[in-house]
Amino acid sequence: MSEPAPASRRVLVTGGTRGLGLAIALALADPGARIAITYAKNDADAEEARAQLTAGGAAPLVFKCSSAESAEVREALTLPEKAPFLLRK
């Protein structure tokens with residue numbers, strides 16, 4: 001199976017605003033990539049992560065939801081810009 005071209009890559013990373021989750025999101029943040037990240041509490045970390053991803057050329061989507069709440073994650077996954085990859089750390 002071949003990897004999608006960066007411009008068509010869409011990924012959802014839970015806990016993507018800091019630590020390992022942010023590192024994964026940044027590693028996948030090629031120009032044009034649609035990187036969706038979730039976070040539970042810290043709005044400032046989320047905005048900083050959005051800025052870093054945007055600076056890398058990605059078009060980030062940032063969602064405040066708890067990965068422990070399946071309904072919240074399901075809502076993030078049913079958005080029009082569905083992500084074919086889910087990375088949960």
Side-chain angles (χ1 to χ4, degrees):
M1 182 171 166
S2 64
E3 184 175 327
S8 65
R9 183 181 300 149
R10 290 189 232 155
V11 180
L12 172 62
V13 181
T14 62
T17 61
R18 58 194 184 104
L20 182 59
L22 179 57
I24 291 168
L26 289 170
L28 297 171
D30 295 316
R34 298 292 291 177
I35 306 295
I37 58 175
T38 66
Y39 70 104
K41 297 177 184 172
N42 194 318
D43 295 331
D45 281 352
E47 287 309 311
E48 176 60 27
R50 180 192 310 271
Q52 289 182 46
L53 290 163
T54 301
L61 301 170
V62 181
F63 302 100
K64 187 171 189 175
C65 73
S66 169
S67 60
E69 297 295 328
S70 62
E72 292 180 11
V73 174
R74 201 171 347 186
E75 183 179 339
L77 288 171
T78 59
L79 295 166
E81 301 269 349
K82 291 185 176 80
F85 299 105
L86 169 63
L87 296 173
R88 183 170 180 184
K89 59 176 192 69

Please tabulate, one pair per line, all N/O donor-acceptor pairs under 3.5 Å involving side-chain atoms of residues 51-65, not counting sequence neighbours.
from: Gln52; atom 1: NE2; to: Glu48; atom 2: OE2; distance (Å): 3.1
from: Thr54; atom 1: OG1; to: Arg50; atom 2: O; distance (Å): 2.9
from: Lys64; atom 1: NZ; to: Asp43; atom 2: OD1; distance (Å): 3.4

Pairs where residues 51-62 contributes a residue and the test salt bridge (charged side-chain N to carboxylate O under 4.0 Å, His left out) is met, not counting sequence neighbours: none
Could you give the distance from CZ (Arg34) to CG (Leu28), rounded to the nearest 0.5 Å? 14.5 Å
Listed partners of Ala49 passing side chain to side chain contact (heavy atoms under 4.5 Å, CB included), at least two apart: Thr17, Leu22, Ile37
